Amino acid sequence: MNIFTRLFQSRASPKNQIGSRQFYFGMALSGKNVNERTAMQTTAVYACVRILSETIASLPLHTYKYTEDGKEKDYAHQLYHLLHDEPNNEMTSFIFRETLMSHLLLYGNAYAQIIRDGRGRVLSLYPLLPDKMRVDRGANKEIYYIYYSDNDGQILLRKEDVLHIPGLGFDGLIGYSPIAMTKNAVGLAIAAEEYGSKFFSNGANPGGVLEHPGVLKDPGKVRESWNSVYGGSSNSNRVAVLEEGLSFKSISIPPEQAQFLETRKFQVNEICRIFRVPPHMVADLEKSSFSNIEQQSLDFVVNTVRPWLVRWEQAIGQKLLLPNEKGKTFVNFNVDGLLRGDFQSRMTGYSIARQNGWMSADDIRELENMNKLPKGMGGEKYLVNGNMLGINNAEQNGGVIVE
């Protein structure tokens, strides 16, 4: 029995782990139960998670190696195919990264089991559910992972066998769920949506009481009869016929007085603030225009997407590269496509780069997903304007040559 097994047997049970999760999740102040699954039923949360997950999953992910001239893609490296195409024989790279990124956004952690060969090289990667994973540190200060499988029970995993991408946390070991940390804001959004649904299920009419001057023998039957005829959105605007002195009095607060619509709008922006997603990306165009949407999109790449990419790249480099490969090989997401801007801006930038000699025609064509020029046409040459000479060789008419 190794030290990890002994430590594990003395640790808390899965029930205690679930109890600690309930400290962060559970009922919000709005009275709604908030967890990862109920939060995803809110359109703003679903949209933000989908936008970020699909963005990270769709970016080209390449493996590079350092060369004397800089860097180049290492197509022969074993990780290139796994990260770029198929991490395992069940899913594509897009699905794999989309799944892990959604875990990271909802649970604050993303895990994948690493399958290696006898020499330690990575053969495949399989996602693991964050709510079934526990991370701890043993007596020898080594990190270990416990996975609670429905079929195989408790599985002990070494840190070398788990790709772990943690989000923002307090101890640097695990991240905390954004949904759990902001459960009151998400709970208010859930409550607002539920209120609107119930309001329209009642025919968009406020609730109230039926008053009778006398004593009703069967009030339940009268209530059921009223609801069956006038309840529900399909019965809205029907003319009510009151008999035997019955009268209807409203006792509910109208939605406009409760600022129902304003609350729903604010909660959309509140959830966008949690995930740092521009509101226009979730179809809230109230404060967006053609003049600022492009700048907001660029800001989204720089301030929202890039920090997530750095987490991914550093975790992959730490866990998937062999010790003798670190410092020689690295992985990198290509965000050039997101930063390209409109056609005119790109052409202006390329023109400046071309005329000042720090980009060749082939460099520009590669960024535009075009093939290089045929050999002999000078596509690889770096050129400058003819009137731009070195300062030591500059000569003006009638002037002095500066050496």
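For this chain, numbers begin at 1 and follow the sequence in order. Computed from a predicted structure; not experimentally measured.
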Could you tell me which non-hydrogen atom of [X] sits nearest to which non-hydrogen atom of [Y], and how far apart they are?
| X | Y | result |
| --- | --- | --- |
| P166 | G175 | CB-N, 4.0 Å |
| S149 | I155 | CB-CD1, 3.9 Å |
| I56 | F333 | O-CE2, 3.8 Å |
| T99 | P127 | CG2-CB, 4.3 Å |
| P307 | V302 | CD-O, 3.8 Å |
| L105 | F275 | O-CE2, 3.7 Å |

From [X] atom [atom1] to [Y] atom [atom2], the distance as rounded to the nearest 0.5 Å:
| X | Y | atom1 | atom2 | result |
| --- | --- | --- | --- | --- |
| T92 | D85 | OG1 | CG | 9.5 Å |
| N35 | Q41 | CG | CD | 8.5 Å |
| D136 | E142 | CG | CD | 13.0 Å |
| K183 | T38 | NZ | OG1 | 11.0 Å |
| I165 | L100 | CD1 | CG | 5.5 Å |
| I51 | M101 | CD1 | CE | 12.0 Å |

With a 4.0 Å cut-off, would you call [X] and [Y] a salt bridge?
| X | Y | answer |
| --- | --- | --- |
| K132 | D150 | yes |
| K328 | E325 | no |
| E366 | K372 | no |

Taking Y145 as the fixed residue, which of H164, K159, R158 is the one that meets the side chain to side chain donor-acceptor pair (under 3.5 Å) rule? H164
In the structure I gave you, are the side-chain heavy atoms of [X] and [Y] within less than 4.5 Å of one another anywhere?
| X | Y | result |
| --- | --- | --- |
| I114 | V162 | no |
| M40 | V49 | yes |
| R97 | L61 | yes |
| L128 | L157 | yes |
| V282 | C272 | yes |
| P278 | M281 | yes |
| L373 | R365 | yes |
| F300 | V277 | yes |

Tell me if a side-chain donor or acceptor on [X] pairs with a main-chain N or O of [Y] at a distance below 3.5 Å.
| X | Y | result |
| --- | --- | --- |
| N88 | L125 | yes |
| R121 | R116 | no |
| S93 | L83 | yes |
| D171 | I174 | yes |
| E86 | M91 | no |
| R134 | Y147 | no |
| S53 | R50 | no |
| N109 | P130 | no |
| S177 | I179 | yes |
| T67 | G70 | yes |

Can you tell me if [X] and [Y] form a side-chain donor-acceptor pair at under 3.5 Å?
| X | Y | answer |
| --- | --- | --- |
| D363 | Y382 | yes |
| R137 | Y144 | no |
| Q355 | S351 | yes |
| Y80 | H62 | yes |

Starting from the C-alpha separation in whole Å, work towards a yes-or-no answer on side-chain contact (heavy atoms from CB on, under 4.5 Å) for L79 and L321. CA-CA 8 Å; L79 284 180; L321 292 178; 3.6 Å; yes
Around atom CG of L129, are there more than 12 heavy atoms from other residues, nucleotides or ligands closer than 6.0 Å? yes
Among L82, T63, V331, whose side-chain contact (heavy atoms from CB on, under 4.5 Å) with H77 holds? T63
Can you spot which of T42, V186, N184 makes a side-chain contact (heavy atoms from CB on, under 4.5 Å) with V34? V186
Could you tell me whether F330 and Y66 have their ring centroids closer than 6.0 angstrom? yes
Are V122 and I115 close enough, and set up right, to give a side-chain contact (heavy atoms from CB on, under 4.5 Å), and what steps lead you there? CA-CA 6 Å; V122 180; I115 307 298; over 6 Å; no
Go through Y107 and E36 one step at a time and tell me if the side-chain contact (heavy atoms from CB on, under 4.5 Å) criterion holds. CA-CA 7 Å; Y107 296 90; E36 298 90 348; 2.9 Å; yes
